[in-house]
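All chains are named by letter (A, B, ...) in the order of the sequence lines, taking the proteins before the strands, and each is independently numbered beginning at 1.
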Amino acid sequence: MSATGISTSAAPAVRTGRPWQRDLIGVAVILLASIGGYVLFPDNLALLTRIIAIMFLVLSLDLVTGYCGVATLGHAALFGAGAYAAGIAAVTFGITEPLSMIAIGAIAGAAAGLVSGVVILRGHGLAQLVLSIAVIHLFHEAANKASAYTGGSDGLSGIAPDPLLGLFAFDLWGRTAYIFGIVLLIAAFVLLRILVRSPFGMLCRGIRQDPVRVSAMGASVKASLIRMYVISGVVAGIGGALNAVSTQVVGLDSLSFTNSAEALVMLVLGGAGSLFGALAGTVVFMWFEHVVSAANPFHWLTIVGALLIAVVLFAPKGLYGTAADLARRFARSNP
Amino acid sequence: MQVFFSIGVDALAYGMVLFIISIGLSVTMGLMRVVNLAHGAFAMIGGYIASYAARDLGLGYGFAIILAVIGTIVIAIPLERFLYRRIYGAPELTQVLMTIGITFCVIGLANYVFGPTLKTIPLPADLQGPVNLGFRTIAAHKLFAIGCGVAVALGLWFLIERTSFGVKLRASVDNTAMAASLGVRTRIVYAASFALAVGLAAFGGVIGAELLPVEPYYALRYMVTFLVVVSVGGAGSIPGALIACLLLGAIDTTGRYLVPEYGEFFFYLAVIAIVWVFPRGLLGRAK
């Protein structure tokens with residue numbers, strides 16, 4: 001029942017070849033891309049940092065949707081919880097050390113992941129979707145109401161993080177924030193690669209494919225999913241906190257249904273069930289959004305809609321999955 | 001007492017409008033197992049067509065309603081034929097993505113064609129102004145919406161329980177393969193009920209335009225509400241949908257009257273509580 005669907009590009013469990021090589025290639029690609037971004041778009045570092053923050057959200061969504069098969073339209077709750085926790089810690093409690101802010105965001109994300117995981121996993125299918133939508137709206141309304149802490153619809157501003165490690169101040173151009181984000185992203189990427197290859201990660205993939213069989217094997221489906229939700233909350237919370245640190249404001253839109261839905265679109269566009277797919281989908285989507293919505297926001301919506309329909313019909317494995325398939329076919333025909 | 005009464009009337013009118021729009025969604029979800037997030041978009045298309053017919057072409061309200069229903073069905077048929085048929089039986093995430101995609105496209109196109117402003121559908125003179133019930137007066141269009149909701153509920157009940165089409169429809173819902181092998185042309189039943197669902201959505205969109213104003217983001221704004229109704233009531237159940245609409249309409253309206261600063265907080269809290277206790281909906285059938 002929790003087979004979500006969009007056939008994921010999660011590679012077969014037993015892979016020939018050395019996985020560490022692929023990790024190294026992945027890290028190298030991220031590094032090259034980020035250096036390229038730094039050199040080519042020195043004026044757009046704020047956008048690039050935001051892309052990195054959203055990457056955390058999409059990676060985190062990938063953990064529950066791509067690997068565990070939970071369909072959710074409320075994942076921004078985890079991201080927003082991290083962002084608000086880091087922001088409130090800085091503004092209300094005066095904790096402006098950036099690494100502590102990130103840690104607070106991660107903890108808050110984990111707590112939000114626990115809460116929303118327990119609620120969302122209560123249902124299946126339509127009920128699950130509706131519960132996830134209700135969760136994100138509840139978080140949104142709660143943040144709106146608690147305006148003494150969150151600033152309500154005006155957003156939470158006045159976050160002034162200290163220099164990173166006491167050495168690197170967050171400059172106007174966003175260079176420090178960008179490099180900070182890249183370092184966090186690479187660390188998270190490597191840890192998540194280890195996680196999804198671990199026995200626990202394999203168990204979660206098994207749950208996506210057949211929850212009944214997994215529970216017949218003696219593993220607890222629900223406990224595993226909730227654990228994954230908490231881990232996913234940590235990842236999303238780090239992303240939210242990074243966004244708070246780099247932009248120095250937190251808005252209600254970080255807790256919005258739209259943000260959740262867009263994250264899902266990015267994941268599916270890139271390819272669910274693959275960390276590379278999540279990263280690629282975020283970059284492609286955000287970059288297109290940046291270019292097209294500058295011209296006309298409503299055309300952007302039409303294009304996203306058409307893109308989604310096209311992905312569902314023609315490339316259900318997403319950009320990365322389809323590209324990987326093509327590469328494999330090519331490699332087979334030219335040994 | 002006055003406050004209580006006006007909350008009651010507003011809740012009833014709102015609930016009935018929700019019912020007219022969502023019942024089609026409930027039927028298609030129960031029958032075809034399609035999580036159709038684009039249902040609100042069809043209601044919105046109906047509203048736009050009616051607004052265009054009544055304001056720009058100067059037709060009467062009744063004609064505008066008929067034109068809206070027919071026009072929306074005509075627009076929906078190719079969508080059903082080329083897009084929806086590919087996702088029957090597909091997993092939920094696929095259906096969600098496809099139908100969200102359709103919704104986004106409809107929003108973008110509606111904004112391109114009609115502009116971002118709010119569209120009104122001028123009411124005929126009979127429906128404007130208050131109606132005196134002897135002890136209270138209530139707005140005529142709310143009374144009209146309540147009447148339409150009751151008529152739709154009775155009509156659907158008659159159609160599904162008392163006609164041969166209803167027998168085929170229920171047979172297809174229960175077991176499509178068996179119904180087909182007994183000679184029911186399930187494809188036609190599917191298409192007819194999809195058209196019925198879309199037509200009802202358009203009808204509800206026009207009737208409810210006073211309560212749910214027609215603008216490009218209509219499809220996204222109320223999509224969640226319609227889904228919630230179906231999920232709370234139980235997919236495919238008419239009485240379930242009716243109860244869910246009245247209950248959610250009452251909760252939402254009461255919340256707006258008494259604690260407006262909390263917005264929809266209590267609405268979603270109630271939704272979580274109800275779905276938590278009844279994961280298949282109030283009157284949903286076990287699969």
Distance, nearest 0.5 Å, that separates OG1 of A:Thr65 from CG of B:Leu93: 6.5 Å
Pairwise distance CG(B:Leu97) to CG(A:Leu269) - rounded to 0.5 angstrom: 10.5 Å
Side chain / backbone / both / neither for A:Ala310 at chain B, heavy atoms under 4.5 Å: neither
Taking every non-hydrogen atom, the tightest pair across A:Gly305 and B:Cys105: C-SG, 3.6 Å
Step-by-step side-chain contact (heavy atoms from CB on, under 4.5 Å) determination, A:Arg122 to B:Val275: CA-CA 9 Å; A:Arg122 168 80 190 170; B:Val275 178; over 6 Å; no
Closest non-hydrogen atom pair, A:Val312 against B:Met98: CG2-N, 3.9 Å
Minimum side-chain heavy-atom gap A:His140-B:Phe265 below 4.5 Å: no
From B:Arg221 atom CZ to A:Phe257 atom CZ, the distance as rounded to the nearest 0.5 Å: 12.5 Å
Crowding at CZ, B:Arg187 (>12 non-hydrogen neighbours, <6.0 Å): no
A:Tyr149 atom OH, neighbour heavy-atom count above 12 within 6.0 Å: no
Spacing of CZ belonging to B:Phe82 relative to CD1 belonging to A:Ile309, to within rounding of 0.5 Å: 13.5 Å
Over 12 non-hydrogen atoms of neighbours within 6.0 angstrom of OH in B:Tyr52: no
CG-CG distance between B:Leu37 and A:Leu129, expressed to the nearest 0.5 angstrom: 7.0 Å
A:Leu301 side chain near B:Tyr217 side chain, heavy-atom distance below 4.5 Å: yes
Min side-chain heavy-atom separation A:Leu73-B:Ile100 under 4.5 Å: yes
Proximal component of B:Val96, with respect to chain A [non-hydrogen, under 4.5 Å]: side chain
Side-chain heavy-atom pair B:Met29, A:Leu126 within 4.5 angstrom cut-off: yes
4.5 Å side-chain heavy-atom contact, B:Trp276 and A:Val118: yes
Closest contact, heavy atoms only, B:Ile272 versus A:Ala134: CG1-CB, 3.6 Å
Contact class of A:Leu307 relative to chain B, heavy atoms under 4.5 angstrom: neither
Heavy-atom neighbours of B:Phe114 CZ exceed 12 at 6.0 Å: yes
Per-residue contact mode, B:Val277 against chain A (heavy atom under 4.5 angstrom): backbone
Considering all heavy atoms, the nearest B:Ser231-A:Ala127 contact: OG-CA, 4.0 Å
Gap separating the OG1 atom of B:Thr225 from the CD1 atom of A:Ile133, nearest 0.5 angstrom: 9.5 Å
Residue part contacting chain A, namely of B:Val228, when any heavy atom lies under 4.5 Å: both
Pairwise side-chain contact, A:Leu313 with B:Leu83, heavy-atom cut-off 4.5 Å (strictly under): yes
